[in-house]
*Asks:* 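Pasting a structure below so you can have a look.
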Amino acid sequence: IPNKSSTFPWLGDVSDQTISQLLVLAKLAYDGTNEDRLIFHGPSGTMETLGLLHEVPELYLESSGSSSYHFLHKTAQEFMAALHVSSLPPGERADFVRTSFGEGNMTMVVRFMAGLTKFQSQDDMEAVIAFQKEGRGRLIESLHWLFEAHDPGLVHKCMGDREWTLELGGVTLDPFD
């Protein structure tokens with residue numbers, strides 16, 4: 001288990017056993033999101049779901065005792081995937097940020113990760129700054145990440161001293177934007 005007090009200070013007095021179970025589900029969510037998978041299979045009643053997964057018995061399969069599981073909502077799966085990424089060492093986390101640019105299924109994962117970690121490690125910050133300076137993504141995506149990190153200094157490092165003008169004519173924005 002990563003150092004709970006520094007990695008997940010918002011968990012408070014949650015037991016180490018519950019955190020271990022949470023991290024198992026977080027890894028499952030990460031793998032599923034990475035593979036664009038929403039349904040997971042396993043032996044019936046053996047998976048500790050912590051109320052985050054719904055179990056659906058496989059009534060029509062030849063192998064009895066098997067179940068399908070799915071997160072209660074895709075957003076819950078993406079948040080749990082971000083929890084997994086947040087638990088990685090800073091260098092691995094930065095590699096994830098660097099390789100996830102433009103990956104549609106990881107967009108919300110990176111955004112949740114920004115909120116969970118506040119991009120506190122130097123590696124995280126450098127990955128975000130490089131992303132913006134290289135012009136590799138949508139400006140709005142960078143702004144989402146910076147908003148979630150709540151760090152004016154990081155905003156200044158990414159956006160620089162120049163003034164920005166956004167022309168939104170003909171641009172369709174999502175409700176999140």
Side-chain angles (χ1 to χ4, degrees), residues 1-2 4 7-8 10-11 14-121 123-124 127-128 130-131 136-138 140-149 172-177:
I1 297 176
K4 178 171 66 172
T7 308
F8 308 118
W10 44 270
L11 283 176
V14 174
S15 73
D16 287 347
Q17 179 183 2
T18 301
I19 291 174
S20 292
Q21 293 168 337
L22 199 60
L23 291 175
V24 167
L25 292 179
K27 175 72 168 116
L28 180 74
Y30 172 80
D31 290 342
T33 303
N34 195 36
E35 298 164 5
D36 209 18
R37 187 167 30 109
L38 298 173
I39 305 291
F40 308 92
H41 302 284
S44 182
T46 61
M47 187 178 295
E48 180 57 61
T49 66
L50 298 177
L52 297 169
L53 291 171
H54 179 69
E55 181 178 358
V56 180
E58 297 275 355
L59 301 175
Y60 301 106
L61 289 180
E62 291 179 18
S63 62
S64 62
S66 181
S67 288
S68 292
Y69 298 86
H70 61 87
F71 282 87
L72 298 176
H73 195 276
K74 185 171 186 207
T75 306
Q77 181 175 337
E78 292 164 333
F79 178 83
M80 292 299 292
L83 184 66
H84 168 73
V85 174
S86 299
S87 71
L88 298 173
E92 289 180 44
R93 209 170 45 227
D95 288 343
F96 167 78
V97 172
R98 283 186 198 97
T99 58
S100 296
F101 299 140
E103 295 293 323
N105 57 334
M106 289 297 184
T107 301
M108 287 304 295
V109 174
V110 177
R111 189 167 176 185
F112 281 132
M113 189 208 82
L116 288 169
T117 65
K118 307 294 185 219
F119 289 127
Q120 291 175 347
S121 85
D123 289 338
D124 292 346
V128 173
F131 173 70
R136 292 176 49 200
R138 298 183 325 151
I140 196 78
E141 189 173 9
S142 298
L143 294 174
H144 285 158
W145 297 350
L146 293 171
F147 174 78
E148 294 296 339
T172 303
L173 298 175
D174 295 327
F176 280 129
D177 300 333

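Treat the numbers as computed from the prediction; the structure is a model and nothing was measured.
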*Asks:* Taking all atoms of both residues into account, what is the closest heavy-atom pair of D36 and K74, and its distance?
*Replies:*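 Looks like OD1-NZ, 4.5 Å.
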*Asks:* Once you round to the nearest 0.5 Å, how far does CG of L23 lie from OG1 of T18?
*Replies:* 11.0 Å
*Asks:* Work out which heavy atom in A81 is nearest to a heavy atom in A29; give both atom names and the distance.
*Replies:* N-CB, 3.6 Å
*Asks:* Kindly write out the residues that satisfy side-chain contact (heavy atoms from CB on, under 4.5 Å) with L72, not counting sequence neighbours, or none if the list is empty.
*Replies:* H54
*Asks:* I need the F40 CZ to E35 CD distance, nearest 0.5 Å.
*Replies:* 8.5 Å
*Asks:* Given side chains that start at C-beta, do those of Y30 and M106 come closer than 4.5 Å, heavy atoms only?
*Replies:*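 Y30 vs M106: side chains touch.
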*Asks:* Any idea which heavy atoms bring H70 and L38 closest together, and the distance?
*Replies:* CB-O, 3.4 Å
*Asks:* Any non-hydrogen side-chain atom of T75 less than 4.5 Å from a side-chain atom of F112?
*Replies:*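 They are in side-chain contact.
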*Asks:* Side chains of L83 and M80, heavy atoms from C-beta outward: is any pair under 4.5 Å?
*Replies:*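 Sidechains of M80 and L83: in contact.
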*Asks:* Give me the atom names and distance for the closest heavy-atom approach of F96 to V110.
*Replies:*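 Closest approach of F96 to V110, heavy atoms only: CE2-CG2, 3.6 Å.
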*Asks:* So which atom in A82 and which in M113 form the shortest heavy-atom distance, rounded to 0.1 Å?
*Replies:*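 Scanning both residues, the minimum pair turns out to be CB-N, 3.6 Å.
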*Asks:* Taking C-beta and beyond as the side chain, do V85 and V97 meet within less than 4.5 Å on heavy atoms?
*Replies:*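 No, too far: nothing below the 4.5 Å cut-off.
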*Asks:* Q77: what forms a side chain to side chain donor-acceptor pair (under 3.5 Å) with it, not counting sequence neighbours?
*Replies:* T33
*Asks:* Which is it for T107 and E78 under the side chain to side chain contact (heavy atoms under 4.5 Å, CB included) test, yes or no, and what are the steps along the way?
*Replies:* CA-CA 9 Å; T107 301; E78 292 164 333; over 6 Å; no
*Asks:* Does N34 have any side chain to side chain donor-acceptor pair (under 3.5 Å) partners at least two apart in sequence or in another chain, and if so, which?
*Replies:*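 Checked N34 against side chain to side chain donor-acceptor pair (under 3.5 Å); zero matches.
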*Asks:* Got H84 and L28 here, is their nearest side-chain heavy-atom distance under 4.5 Å?
*Replies:* no
